[in-house]
Amino acid sequence: MDELLNQVYHEIIYNLLIHPPNQALDVLKTHAQVVDDDFLQVLRQTVTTLAERNCQEDADFLNKVVLKIEESGGCSTLLAQVAPPQATETPAKKVASPEKKPETPAIPSPEKESAAEQLYNQGTQQFQANQYTAAFQSWQQALQLYRELKNRRGEVNCLGKLGNVYQSLGQYQQAITCHQQALGVARQIKYRQAEANALSSLGHVCYSIGQYEQAIEGYQQALSISKTIKYRVGEANTLGNLGNVYYVLGQLEEAVKNYQQALTIAQDLNYRFGAVNFLNNLGNVYASLEQYEQAIAYVDQALTLARTLNYRFGEAYFLSNIGKIYLAKGEPDQAIVYFEQYLELIRSIDSQQMEANALHHLANTYKIMGDSKSAIANYQDSLELHRQTQNPQGEAITLSCLGQIYQELQQTDTAIQALLDCLKIATPKALPTECLTAGHHLGDLGLSTYNWQLSSQGYEQAIQAIEHICSGISPLEVRSQITKESEIIYPKLIQACIHLQETEKAFSWVERWRCQQRLELTDSSLFPLGEVQPHLKKYERLQQQIHALHIRRQSDEMKQLTTAGVRLNSSATFKTESEILDTLETEKQKVWEDIHRLDPVRRVLFRSNSLSVAEIQALLPDTKTAILSFYSTEENTYIFVVLKDKIVLHTCEGESREKLQNWIEKSWIKNHQNNLREWRNQMIEFLSNLSHRLQFNKLIFEHLLDCHQLIIIPHLQLHHIPFAAIPIQLEDQTTYVCDRFNIQTISSCQMLNYNHQRNQAISSNSMAILEDTTGDFVLTHYEGQKLAELYQVSEEFYLVGETAMVSQFESLIKQVKLLYMASPLSCTSEPKVDAQLQFVEGKISMAQMLESRLPDLLELCIPYVKMESKTLTFSELNLRIFNRFLERGIQRVIYPLWSLEDIATSLLVWFYYQNLQENNCSEALRQAQIQLRSLTGQELDQKYKPEIQAYLKQQKESKNQQKINDQRTLLAWKCQQDYPFESPYYWANFIVYGG
C-alpha cells in the first residue's frame with residue numbers, strides 16, 4: 001500500500017473519532033474515492049491498537065463502524081446505499097464494477113471467504129509488528145484461498161501485500177515478481193486503480209535498489225492511469241514519488257516541479273496528509289539548494305498543517321527538520337530552539353526512540369557550538385534510551401560520537417573505550433558505515449599515542465568495512481566516496497604494521513590496497529557478459545539488495561514513524577535485517593563460486609582477490625627471482641623485497657610520499673611535458689639522483705646479489721620511471737639495472753598470478769603484426785619487417801596501411817599467440833575509459849577487441865599509447881586499460897609505461913624484439929646512454945639540418961605523397977642507424993617537424 005494513501009486512511013479514522021457518531025457515514029461519503037477494502041483493514045487494525053492502549057471508548061465506536069460496513073457487504077455497498085446514484089459514479093466505482101463471469105465459476109464458499117479475509121487481516125497485523133515471515137505465510141495462505149474462490153480482487157490485494165513484505169525483507173526480485181503478477185491480474189479484470197498501484201509499487205522497488213530510470217518509468221505509467229480514471233489521490237502520490245526520485249538524482253528543478261504539482265492536487269482535494277508531506281519535501285529541496293529561508297518557509301507550513309491535523313509525530317519531525325536547516329544555515333543557536341521543542345513534544349508522546357534521536361540532534365548541535373559538556377550529557381542520555389529500546393544502530397552511532405568528542409577533548413582512555421564498545425556492535429558486515437567511522441578514529445587515536453597495536457586494530461576494522469562496502473558491484477557514487485577514505489586509511493595501517501615490525505602483514509595490506517584500487521578503477525560495463533550472464537546479473541542484483549538494506553539502516557527518524565502513531569520495533573527490524581543480510585551474503589558467495597567455476601578470468605571484475613604472502617611466493621619461479629614492491633607513506637618510501645623463502649623491508653628514510661613523488665612529478669613528468677629537450681639533457685642526472693634516493697646500491701648488495709630477475713611493482717609516479725635505465729655502482733663500475741637483471745613491470749602481484757602460465761612454443765604464424773594503419777608512423781615498416789623475419793610471419797598475418805581492415809584484425813587477434821600493435825592506442829577517460837585503434841576504414845574500440853575471450857594470445861606488445869584523459873593520473877589510466885587486456889585471458893602485456901619519447905623504455909621495447917634470441921638489450925642501452933651524454937640536441941640539428949631542410953622543401957613543392965614518404969623514411973632511418981638510442985618513431989617526428 002502506498003504510504004501516503006495509508007496516511008489518508010488514518011486521517012479518515014481521525015475524522016470519524018472527532019465527529020459525532022451520527023455523522024460517521026457522512027465522513028465516509030466525503031472520502032468515497034479512497035474508502036475501499038484496504039481502508040477496512042486499516043480500520044480493523046486501529047480498533048485493535050486502541051484497545052491495546054486502553055482507549056476502549058474509541059475502539060468500541062470504530063468497531064461499530066466496522067460491523068456496519070461488514071453487514072452492508074463492504075465499503076462500496078454501504079456507500080451505494082447512502083449516497084445518491086450520481087455521487088457513486090466515481091472512477092473508483094467504475095473500477096469496482098462487476099467483471100465478466102469466468103467460464104468455470106467458483107462454487108461459493110462463505111467459510112473460505114471468511115478464512116481468506118481473516119488470514120489477510122492477520123497478515124496485515126503481523127507485518128505492522130515486523131513479523132515478516134508470519135505475515136508472508138498468512139498472505140500466502142490467503143492468496144491460495146482467493147485463487148480457489150476465483151476472487152481476482154483478493155488475489156491482487158494479496159500479491160501486492162506479498163510484494164511489500166518481500167521489499168521490506170530486501171528481497172527485491174521476488175517483490176518485483178509479485179507486483180508484476182498483481183499488475184497482470186489487475187489488467188485482466190480491468191481494475192485500473194489496482195493497475196496504477198501495482199505500477200507505483202514496482203516504481204518503489206526500483207527506487208529502493210537505485211534503478212531510478214525504471215522507477216521513473218513505473219511512476220509515469222501509474223500517473224497516466226491515475227489521470228485517465230481521475231484517481232486524483234493516486235496522481236498526487238505518484239507525482240510526489242517522482243519528486244523523490246528526481247531529488248535523489250540531483251535534478252532539483254524537476255523535483256520542485258513534481259512536488260508543486262502534487263501539492264496543488266492535494267490542496268484541491270483537501271488531502272491534508274499528502275499536502276503536509278509535499279510541503280516538507282519542498283523544504284528539503286530548497287535546503288539542498290541552500291535557499292534556506294524558502295526551505296524554512298515550506299517546512300513551517302508543513303508544521304502548521306500538522307498541528308491543525310493533530311499529527312503529532314509529523315509535527316515532531318518537522319520541528320526536527322527546521323532545526324537541521326538552521327544548522328546547515330550556520331545558526332546553531334536557532335537550531336537548538338527547534339530541537340528542544342522537538343524533544344519536549346516527543347516526551348509528551350512518550351516515544352523513547354524518537355526521544356533518543358532528539359537528544360542526538362541536540363548533542364550534535366552543542367558539539368558544533370563548542371559546548372562539549374552539554375554535548376556529552378545529551379549523547380549519554382541518547383545512548384541510554386537506545387539501549388533501553390534495543391536499537392543497536394543508534395547505540396553504535398552514539399558511542400562513535402562520544403568517542404570522537406572525547407578524542408577532541410584528549411580524554412584518550414575514555415575515547416578508546418567508547419570506540420571499542422562501538423566496534424563490538426558495528427561490525428564490517430552488520431554496520432559497515434559506522435564501523436568505518438569508528439575504526440578510523442580508533443586508528444587515529446592509536447597513531448597519535450604511538451600505540452601501534454591499537455592503531456592497527458582500528459584501521460583493520462575500517463578497511464574491512466571499506467572492502468565490504470565496495471565488494472562486488474556497488475554504486476559508482478558510493479565507490480568514489482569510499483575511495484577517498486581508503487587513500488587515507490591504507491597508508492596509515494601499513495605504517496602501523498611497519499612500526500610493529502610486521503613486514504609480511506604490511507606487504508599483505510599493500511597488495512590488498514592495490515587490488516582494491518584495481519576494483520575501484522574497473523568498469524565492468526565495457527565487457528560483454530557472455531556465457532555467465534545469468535550468474536553475473538544475479539550477483540549484481542544481490543549486491544544491490546545488500547547495499548539498499550545498508551542504506552535503509554542509515555535513514556533518519558522518519559523511518560521509525562507510522563501514521564497510526566505506533567513506533568516500529570527497531571530491535572526486531574534490526575534483527576530481521578541482519579538475518580536477511582547474512583542470507584544474501586551466503587547466496588552471493590554461492591553465485592561467486594559459480595562464476596569462478598564457469599569463468600575464472602572474469603571473476604576479477606567483482607572482487608579484489610588479493611593473494612596471501614605464501615601464495616605470492618609460490619608464484620616465484622625460483623630463488624633467483626625477486627619482487628620489488630614500492631610503497632610511499634607520509635614518512636618514508638619502502639621497498640618490500642619478496643623472495644621465495646622470505647620477505648624483507650628496504651627503507652628509504654625521509655623519502656615521504658610528498659617529498660619523493662612530488663619531486664618525480666616536477667622534475668621528470670612535468671619537465672617531459674613542457675620542455676622535452678631539457679628533460680633529455682637532464683635524464684642521466686635525474687636517474688642517478690633517483691638511484692641514490694632509493695638506495696639501489698644498498699638494496700642490491702644486501703638483498704639481491706643472488707638474483708637474476710626482478711618483478712617491479714611501482715607506486716604512484718614511479719609508474720613513469722624506466723627502471724631498466726637506473727644506474728647502479730657494481731665493482732667500482734657504473735652500470736644499469738638491466739645489465740644486472742631481467743626486468744618485468746606489473747601493477748600488482750594479482751597481475752603476476754594472471755601471467756603465471758607455462759611458456760608455449762612460438763611457431764610460424766603464431767604472431768600477427770599491425771603496422772601503421774593511419775600512415776602517421778611510416779618507420780614501423782622497418783620494425784614490422786624485422787619481426788616478420790624473426791617469426792616468419794606470412795602476409796595474411798601482416799596488416800599494414802590502407803590494406804589493413806578492421807575485420808582482418810578482429811580475426812587475427814583470436815588466432816595468434818603474439819600480437820605486435822605498432823599503431824597507437826588512443827585512450828580516453830570520458831565518459832568511460834576505453835581505447836581505440838584507428839584504421840583507414842574506421843575505428844575499433846578496446847571493448848570490441850575484447851568481445852570474446854582470447855586465451856591463446858600469450859603476449860601483446862603496445863609500444864605507443866596516446867593518453868587523452870583529463871581526470872585520471874597516468875598510473876590510474878594505465879591500470880584501467882591494461883588490466884582489461886589481462887582480464888580477458890592475455891598472459892603478458894608489454895607496454896612502455898608512457899609515450900615513445902621515453903628513450904630508455906621505447907628502446908627496451910625496440911630491442912626486446914631485435915635481440916629476442918639473446919634476451920639481452922643492456923649493450924644497446926649502454927651505447928644509447930653513452931651517445932646521449934656526448935650529443936646534444938643542437939648538434940643533431942646542425943648535422944642533419946641541410947638534409948631536413950631539403951626534405952621539407954621537397955615536401956612543400958612535390959605533389960607525389962608516396963615519394964615524400966619514402967624520402968622521409970630513408971632520412972629518418974639513416975638518423976636512427978647513426979643514433980640508435982632514439983626510437984624510429986622519434987626520428988620520424990623529428991624530421992616531420994624540422995627537428
Side-chain angles (χ1 to χ4, degrees), residues 490-491 494 497-498 501-518 604 608-633 636-652 655 660 690-691 694-724 726 728 736-757 759 875 878-879 882-883 886 891-895 897 908:
Y490 274 103
I494 293 162
C497 292
I498 290 172
Q501 298 183 347
E502 297 176 344
T503 302
E504 289 193 9
K505 198 172 182 180
F507 172 67
S508 178
W509 283 113
V510 168
E511 274 301 302
R512 285 178 68 163
W513 171 81
R514 287 193 165 110
C515 292
Q516 185 65 32
Q517 185 189 44
R518 182 203 58 77
V604 303
S608 59
N609 284 327
S610 58
L611 304 172
S612 68
V613 174
E615 288 172 326
I616 292 170
Q617 289 175 316
L619 292 173
L620 295 176
D622 49 49
T623 58
K624 304 295 184 181
T625 303
I627 296 172
L628 299 186
S629 175
F630 290 79
Y631 196 83
S632 296
T633 68
N636 307 307
T637 289
Y638 299 95
I639 306 175
F640 294 91
V641 183
V642 183
L643 300 164
K644 192 74 172 173
D645 57 350
K646 63 180 178 179
I647 177 171
V648 294
L649 185 66
H650 175 77
T651 304
C652 307
E655 298 297 340
L660 177 67
L690 181 62
S691 179
L694 297 178
Q695 304 173 23
F696 253 86
N697 289 332
K698 180 181 178 183
L699 173 68
I700 292 170
F701 279 113
E702 291 185 357
H703 306 299
L704 303 173
L705 284 177
D706 295 331
C707 292
H708 297 308
Q709 179 170 324
L710 299 181
I711 300 171
I712 295 177
I713 307 177
H715 184 214
L716 301 174
Q717 306 300 0
L718 286 169
H719 275 280
H720 295 257
I721 300 301
F723 285 92
I726 290 180
I728 53 176
Y736 300 90
V737 172
C738 68
D739 290 328
R740 180 67 176 77
F741 306 98
N742 293 326
I743 296 174
Q744 180 184 2
T745 303
I746 59 175
S747 58
S748 72
C749 288
Q750 187 182 34
M751 295 297 110
L752 183 66
N753 189 31
Y754 300 156
N755 293 338
H756 187 64
Q757 304 288 342
N759 293 325
S875 58
N878 161 50
L879 197 59
F882 292 103
N883 278 358
L886 293 167
Q891 295 179 19
R892 177 175 165 87
V893 178
I894 301 173
Y895 56 98
L897 295 174
L908 287 176

Minimum heavy-atom separation for [X] to [Y], with atom names?
X	Y	answer
Gln617	Leu643	NE2-O, 3.1 Å
Cys749	Glu511	N-OE1, 2.9 Å
Phe723	Leu718	CE1-O, 3.6 Å
Phe640	Thr503	CE2-O, 3.8 Å
His715	Phe630	CB-O, 3.2 Å
Leu705	Arg740	O-NH2, 2.5 Å

For this session: Tell me, yes or no, whether the heavy-atom count around Lys644 atom NZ, taken from other residues, nucleotides or ligands under 6.0 Å, exceeds 12.
Result: yes
For this session: Flag yes if more than 12 heavy atoms outside Asp706 fall under 6.0 Å of its CG atom; otherwise flag no.
Result: no
Residue pair [X] / [Y], side-chain heavy-atom distance below 4.5 Å:
X	Y	answer
Ile627	Ile647	no
Val737	Ile728	yes
Leu620	Ile711	yes
Tyr638	Cys652	no
Tyr631	Phe507	no
Ser629	Val510	yes

Distance in Å, [X] [atom1] paired with [Y] [atom2], rounded so as to fall on 0.5 Å steps:
X	Y	atom1	atom2	result
Ser508	Glu502	OG	CD	11.0 Å
Asp622	Thr625	CG	OG1	4.0 Å
Leu704	Gln709	CG	CD	12.5 Å
Ile712	Ile726	CD1	CD1	7.0 Å
Leu649	Asn636	CG	CG	9.5 Å
Asn697	Glu702	CG	CD	11.0 Å

Exercise. Are a donor atom and an acceptor atom from the side chains of Ser612 and Glu615 found within less than 3.5 Å of each other?
Worked result: yes
For this session: Could you point out which residue of Leu628, Thr637, Leu699, Leu694 forms a side chain to side chain contact (heavy atoms under 4.5 Å, CB included) with His650?
Result: Leu699
Seminar exercise, completed: Across all chains, not counting sequence neighbours, the ring-ring contact (aromatic ring centres under 6.0 Å, His included) partners of Phe696 are none
